[in-house]
Student: 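Before anything else, here's the structure in question.
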Amino acid sequence: MLGPVILAASRSDRMRRLISAAPVTGPVVDRFIPGETVDDVLPIVQDLTDRGLEVTLDVVGEDITTPEQAAAARDAYLELVERLGDLELGTRAEMSVKLSLFGQALRGGHELALANVRPVVEAAAAIGTTVTLDAEDHTTLDSMFAIHEELRKDFPQTGCVIQAYLYRTEADARRLADSGSRVRLVKGAYKEPAEVAYQQRSETDKAYVRVLRILMEGEGYPMIGSHDPRLISIAQELARRASRKPDEYEFQMLYGIRSDEHLRLAAEGHRMRVYTAYGTDWYGYFMRRLAERPANLLFFGRSILTKG
């Protein structure tokens with residue numbers, strides 16, 4: 001089980017230094033993170049949308065230690081919103097936000113994160129798009145859901161993410177589906193203890209299907225975050241059984257993974273959104289991508305053997 005080992009490495013400063021310094025790391029990271037600045041990523045967004053895809057953008061970074069860093073993260077998102085508006089991409093590109101980047105873990109972090117994310121949500125609404133609050137480890141979720149609920153009072157299209165491997169998620173899904181929320185369902189990519197999360201992939205997959213059924217049968221807008229062909233087929237069948245039209249749910253996949261499948265789903269008339277991250281603080285995001293799928297780790301390993 002390499003996944004837990006990689007997730008542990010994602011929090012190791014020593015591993016961060018080693019991997020960041022490896023000569024092959026840059027080209028491999030580029031597969032998942034297509035740039036460090038908004039100028040780098042906007043041509044990618046334009047290309048994806050020109051090909052019939054939609055996008056959600058994530059400014060990567062999590063290890064915030066000061067309110068000033070949180071404010072800088074807020075400003076980075078505000079710049080992104082402004083640039084998307086200039087290009088008239090508001091109807092095709094939304095944003096994904098990790099509240100840890102906005103200071104959630106700092107002293108008074110709940111209020112700080114809410115204060116920082118609100119202007120981003122307001123600015124997004126002004127250009128016709130929205131924001132989805134990403135889920136992080138289980139200790140942050142009550143705060144994330146409370147912020148989500150507060151934002152939806154003025155901006156009901158604000159989305160959130162739930163993680164199938166957590167025991168609590170079925171109850172969260174019922175509550176969110178009843179409220180008509182936009183909900184992205186993912187398997188989960190943090191190292192969580194057995195007290196709160198399934199440890200076996202097969203159990204997580206079963207939970208994913210149970211939760212997805214709740215969302216499809218509910219009043220909200222399900223966003224299927226998965227690259228698993230079997231789960232994608234199940235999602236299509238559940239949508240059919242729930243009599244959902246193609247614009248009443250969407251698929252979401254990561255930039256750089258199964259790109260041909262992105263285009264196939266879009267060509268079939270599905271809404272297909274590509275989760276696209278950019279920024280300089282890429283390490284934690286990159287390591288979780290390796291942990292999620294063995295194929296990603298093999299890709300990295302082949303690059304080391306070929307170019308190291």
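None of these values were measured; they are calculated from a predicted model. Note that the numbering runs from 1 along the sequence shown for the chain.
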Student: Side chains of P229 and E261, heavy atoms from C-beta outward: is any pair under 4.5 Å?
Tutor: no
Student: Is a side-chain donor or acceptor of E203 paired with a backbone partner of Q200 at a separation under 3.5 angstrom?
Tutor: no
Student: Out of H262, R92, M253, Q252, which one pairs with R273 under the side-chain contact (heavy atoms from CB on, under 4.5 Å) rule?
Tutor: Q252
Student: Can you list the steps and then say if L80 with Y278 is a side-chain contact (heavy atoms from CB on, under 4.5 Å)?
Tutor: CA-CA 11 Å; L80 172 60; Y278 71 98; 3.7 Å; yes
Student: Would you check if Q236 and L265 make a side-chain contact, meaning some heavy-atom pair closer than 4.5 Å?
Tutor: yes
Student: Are the side chains of L78 and D75 in touch, meaning some heavy atoms are under 4.5 Å apart?
Tutor: yes
Student: Look at the side-chain heavy atoms of Ile, Leu, Val, Met, Phe, Trp and Tyr, link any pair under 4.5 Å apart, and say whether I234 and M223 land in one connected group.
Tutor: no
Student: To the nearest 0.5 Å, how far apart are CG in D58 and CD in E94?
Tutor: 11.0 Å
Student: Is there a continuous path of hydrophobic side-chain contacts, each under 4.5 Å between heavy atoms, that joins V211 to Y190?
Tutor: yes
Student: Under a 4.0 Å threshold between the charged nitrogen and the carboxylate oxygen, would R152 count as salt-bridged to E149?
Tutor: no
Student: Please round to the nearest 0.5 Å and tell me the distance separating atom CZ of R182 and atom OG1 of T130.
Tutor: 5.0 Å
Student: With a sphere of 6.0 Å drawn around CD of E88, does it hold more than 12 non-hydrogen atoms of other residues, nucleotides or ligands?
Tutor: no
Student: Indicate, with yes or no, if V186 and M144 share a hydrophobic cluster defined by side-chain heavy-atom contacts under 4.5 Å among Ile, Leu, Val, Met, Phe, Trp and Tyr.
Tutor: no
Student: Looking only at non-hydrogen atoms, find the nearest pair between Q46 and T49 and report the distance.
Tutor: O-OG1, 3.0 Å
Student: Can you tell me how far apart CG (D228) and CZ (R201) are? Round to the nearest 0.5 Å.
Tutor: 6.0 Å
Student: Spell out, as yes or no, whether a donor-acceptor pair under 3.5 Å connects the side chain of Y167 to the backbone of A194.
Tutor: yes
Student: Measure the CG-CZ distance between L263 and R258 for me, rounded to the nearest 0.5 Å.
Tutor: 12.0 Å
Student: Please walk me through it: do T37 and D40 pass side-chain hydrogen bond (donor to acceptor under 3.5 Å, both in side chains)?
Tutor: CA-CA 5 Å; T37 70; D40 293 333; 3.2 Å; yes
Student: Decide yes or no for P222 and L185: does some side-chain heavy atom of the first lie under 4.5 Å from some side-chain heavy atom of the second?
Tutor: no
Student: Please evaluate residues K98 and V60 with respect to the criterion side-chain contact (heavy atoms from CB on, under 4.5 Å), reporting the C-alpha separation (whole Å), side-chain torsions for both, the decisive distance (0.1 Å), and the verdict.
Tutor: CA-CA 8 Å; K98 288 181 174 59; V60 292; over 6 Å; no
Student: Should L87 and M95 be regarded as members of a common hydrophobic cluster, given that ILVMFWY residues are connected when their side-chain heavy atoms come within less than 4.5 Å of each other, either directly or indirectly?
Tutor: yes
Student: For residues Y198 and A207, report the shortest heavy-atom separation together with the two atoms involved.
Tutor: CE1-CB, 3.7 Å
Student: Which residue in the set L57, L48, I257, T56 passes side-chain contact (heavy atoms from CB on, under 4.5 Å) when paired with V274?
Tutor: L48
Student: Under a 4.5 Å side-chain heavy-atom rule over Ile, Leu, Val, Met, Phe, Trp and Tyr, are V55 and L53 clustered together?
Tutor: yes
Student: Do Y221 and E250 pass the side-chain hydrogen bond (donor to acceptor under 3.5 Å, both in side chains) test, and can you show the C-alpha distance, the side-chain angles, and the key distance before you say yes or no?
Tutor: CA-CA 8 Å; Y221 180 80; E250 68 183 50; 2.7 Å; yes
Student: Do R74 and V120 have side chains that approach each other closer than 4.5 Å (heavy atoms only, starting at C-beta)?
Tutor: yes
Student: Tell me the closest heavy-atom pair linking F251 and A235, and the distance in Å.
Tutor: CE2-CB, 3.9 Å
Student: Supply the atom-to-atom distance R213 CZ to R210 CZ, rounded to the nearest 0.5 angstrom.
Tutor: 9.5 Å
Student: I'd like to know if the side chain of T139 pairs up with that of D137 as donor and acceptor (distance under 3.5 Å, no hydrogens or angles considered).
Tutor: yes
Student: Kindly indicate whether a cation-pi arrangement holds for R175 with F145, taking the cut-offs as under 6.0 Å to the six-membered ring centre and within 45° of the axis.
Tutor: yes
Student: After noting the C-alpha distance and the side-chain angles of L212 and I224, does the key distance pass the side-chain contact (heavy atoms from CB on, under 4.5 Å) rule?
Tutor: CA-CA 8 Å; L212 184 56; I224 303 103; 3.9 Å; yes
Student: State, to 0.1 Å, how close A135 and L141 come at their nearest heavy-atom pair, and which atoms those are.
Tutor: CB-CD2, 3.9 Å
Student: If you look at every heavy atom in A266 and G52, which pair is closest and at what distance?
Tutor: CB-O, 3.9 Å
Student: I'd like to know if the side chain of H227 reaches the main chain of L254, judged simply by a donor and an acceptor atom lying under 3.5 Å from each other, with no hydrogens or angles considered.
Tutor: yes
Student: Tell me whether E192 contacts the main-chain N or O of Q199 through its side chain, where contact means a donor paired with an acceptor under 3.5 Å.
Tutor: no
Student: Salt-bridge test for D47 and R51: reply yes if a basic N is under 4.0 Å from a carboxylate O, no otherwise.
Tutor: yes
Student: So, S181 side chain and V183 main chain: donor-acceptor pair closer than 3.5 Å or not?
Tutor: no
Student: Is any side-chain heavy atom of Q104 closer than 4.5 Å to one of I64?
Tutor: no
Student: Taking all non-hydrogen atoms of both residues, which atom of K187 and which atom of D205 are closest, and how far apart?
Tutor: NZ-OD1, 3.0 Å
Student: Which of these passes side-chain contact (heavy atoms from CB on, under 4.5 Å) with V121: L133, V97, L151?
Tutor: L151
Student: Go through it in stages, so that I can follow the logic: the residues are L101 and Y77, the test is side-chain contact (heavy atoms from CB on, under 4.5 Å), and I'd like the CA-CA distance, side-chain angles, deciding distance and then a yes or no.
Tutor: CA-CA 11 Å; L101 186 62; Y77 270 97; 3.9 Å; yes
Student: Without placing hydrogens or testing angles, list every side-chain donor-acceptor pair under 3.5 Å for residues 154-163, not counting sequence neighbours.
Tutor:
residue : atom : partner : partner atom : Å
D154    : OD2  : R118    : NH1          : 3.3
T158    : OG1  : F155    : O            : 2.8
Q163    : NE2  : E136    : O            : 3.1

Student: Can you confirm whether Y275 sits close enough to D134 that some side-chain heavy atom of one is under 4.5 Å from a side-chain heavy atom of the other?
Tutor: yes
Student: Please examine the side chains of L166 and D172, heavy atoms only from C-beta on, and report whether any two atoms are closer than 4.5 Å.
Tutor: no
Student: Under the 3.5 angstrom rule, does the side chain of T129 hit a backbone N or O of A93 as a donor-acceptor pair?
Tutor: yes
Student: Measure the CD1-OG1 distance between I44 and T276 for me, rounded to the nearest 0.5 Å.
Tutor: 8.0 Å
